[in-house]
Amino acid sequence: MPVEIRWDSSSASSRTRGRWAYHLDWSAGPTRAAMRELVDQVLPEVAGDPPALDRSELVYVRTMTPAAVALAMIASVQRGGPALDGHRDAYALERALEEVDYPERGTGEAQELAGRLGRLTGWDTDRMAELLDGPGLAALTGDLGPDPTGTVVPLTGPTRAEQ
């Protein structure tokens, strides 16, 4: 998993309040707590006056990918729940994923469904939830069944066997 280390004065941490500090940036992957443990394992205590790098001053910035959010939504729908899994909006679901290690991991089938969902919605997480709560997974698999009104169009093409 790629991790970027940058010297920045952002306000990503209320603790640094805009002061310059080293920021560790990564997408999805381990939680902030797990990343702190990893850093403690690989970055030894540094002595000196002043110390070369104070681990307590590091700012941990984890971003959540839309693909991780899509996987969480698909998992919820597969369990029979709503796409947002009881959260008020996609942003709240994304914040809940902050406590989940490696939310971007899933089965091959789930990854494929998440990719389709993302492509169909332009990776807009609010639109993902709408699609999954509307036509549901059937919109991603093409298993919509008969449509008496003729208004539902499957979002996947026919398989080779059907052609």
Side-chain angles (χ1 to χ4, degrees), residues 1-6 8 10-16 18 22-39 41 58-163:
M1 174 203 61
V3 176
E4 178 183 347
I5 301 173
R6 60 187 167 81
D8 196 355
S10 77
S11 59
S13 170
S14 59
R15 187 174 37 79
T16 61
Y22 282 104
H23 290 61
L24 277 71
D25 293 309
W26 72 101
S27 296
T31 62
R32 284 185 178 89
M35 183 61 84
R36 280 187 191 91
E37 289 178 19
L38 289 168
V39 167
Q41 290 172 16
L58 294 174
V59 178
Y60 294 83
V61 183
R62 180 185 188 213
T63 56
M64 197 58 54
T65 64
V69 176
L71 282 167
M73 289 181 184
I74 287 168
S76 179
V77 170
Q78 287 175 328
R79 289 189 306 270
L84 294 176
D85 199 22
H87 300 281
R88 71 180 178 283
D89 55 30
Y91 181 75
L93 172 61
E94 185 176 325
R95 297 286 56 93
L97 291 174
E98 288 294 329
E99 301 304 317
V100 177
D101 275 320
Y102 300 93
E104 73 283 5
R105 291 183 179 169
T107 65
E109 176 189 11
Q111 293 281 352
E112 186 176 326
L113 290 173
R116 287 181 192 168
L117 179 60
R119 288 188 299 276
L120 290 169
T121 60
W123 295 101
D124 179 307
T125 53
D126 291 320
R127 289 180 58 207
M128 288 180 198
E130 290 171 12
L131 187 137
L132 288 173
D133 287 337
L137 293 173
L140 304 176
T141 62
D143 298 331
L144 292 171
D147 175 27
T149 64
T151 58
V152 176
V153 178
L155 298 175
T156 60
T159 65
R160 283 216 156 127
E162 295 173 333
Q163 293 177 346

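The residues of the chain are indexed from 1 along the displayed sequence.
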Within this structure, what is the CZ-CD distance for the pair Arg32 and Glu37, rounded to the nearest 0.5 Å? 15.0 Å
Looking at CZ of Arg95 and CZ of Arg88, how far apart are the two atoms once the value is rounded to the nearest 0.5 Å? 11.0 Å
Whether the Ser27 and Thr65 side chains hold a donor-acceptor pair (N or O, under 3.5 Å, no angle test) is what I'd like checked. no
Would you please name every residue forming a salt bridge (charged side-chain N to carboxylate O under 4.0 Å, His left out) with Asp85, sequence neighbours left out? Arg79
With a 4.5 Å heavy-atom cut-off, do Leu24 and Glu4 have their side chains touching? no
Working to the nearest 0.5 Å, report the span between CG of Leu113 and CG of Leu71. 9.0 Å
How many angstroms lie between CZ in Arg62 and CG in Leu97, if you round to the nearest 0.5 Å? 8.0 Å
Within the structure provided, determine whether His23 and Tyr60 are in side-chain contact (heavy-atom separation under 4.5 Å). no
Hey, does Ile5 have a side-chain heavy atom less than 4.5 Å from the side chain of Asp25? no
Atom of Trp123, atom of Ala114 and distance for their closest heavy-atom approach: CH2-O, 3.6 Å
Side chains of Leu132 and Ile74 in contact at under 4.5 Å (non-hydrogen atoms): yes
For the student: nearest non-hydrogen atoms of Met64 and Glu94, plus distance: CB-CG, 3.5 Å
Return the set of residues passing salt bridge (charged side-chain N to carboxylate O under 4.0 Å, His left out) with Asp101 (not counting sequence neighbours), or none when no residue passes. none
With Met35, which of Val61, Leu58, Val3 fulfils side-chain contact (heavy atoms from CB on, under 4.5 Å)? Val3
Report yes if the side chains of Met128 and Leu120 come closer than 4.5 Å at any heavy-atom pair, otherwise no. no
My understanding is that only residues two or more places apart in sequence, or in another chain, count here; which of them pass side-chain contact (heavy atoms from CB on, under 4.5 Å) with Ala129? Met73, Ala83, Leu84
At their closest point, which heavy atom of Gly106 faces which heavy atom of Gln111, and how far apart are they? N-NE2, 3.2 Å
Rounded at 0.5 Å granularity, tell me how far CH2 in Trp26 sits from OG1 in Thr63. 9.0 Å
Student check: side-chain heavy atoms of Thr125 and Asp89 closer than 4.5 Å: no
Determine, step by step, whether Arg127 and Glu130 satisfy the salt bridge (charged side-chain N to carboxylate O under 4.0 Å, His left out) criterion, reporting the C-alpha distance in whole Å, the side-chain angles of both residues, the deciding distance to 0.1 Å, and the verdict. CA-CA 5 Å; Arg127 289 180 58 207; Glu130 290 171 12; 5.8 Å; no
Thr121 vs Asp126 side-chain heavy atoms within contact, under 4.5 Å: no
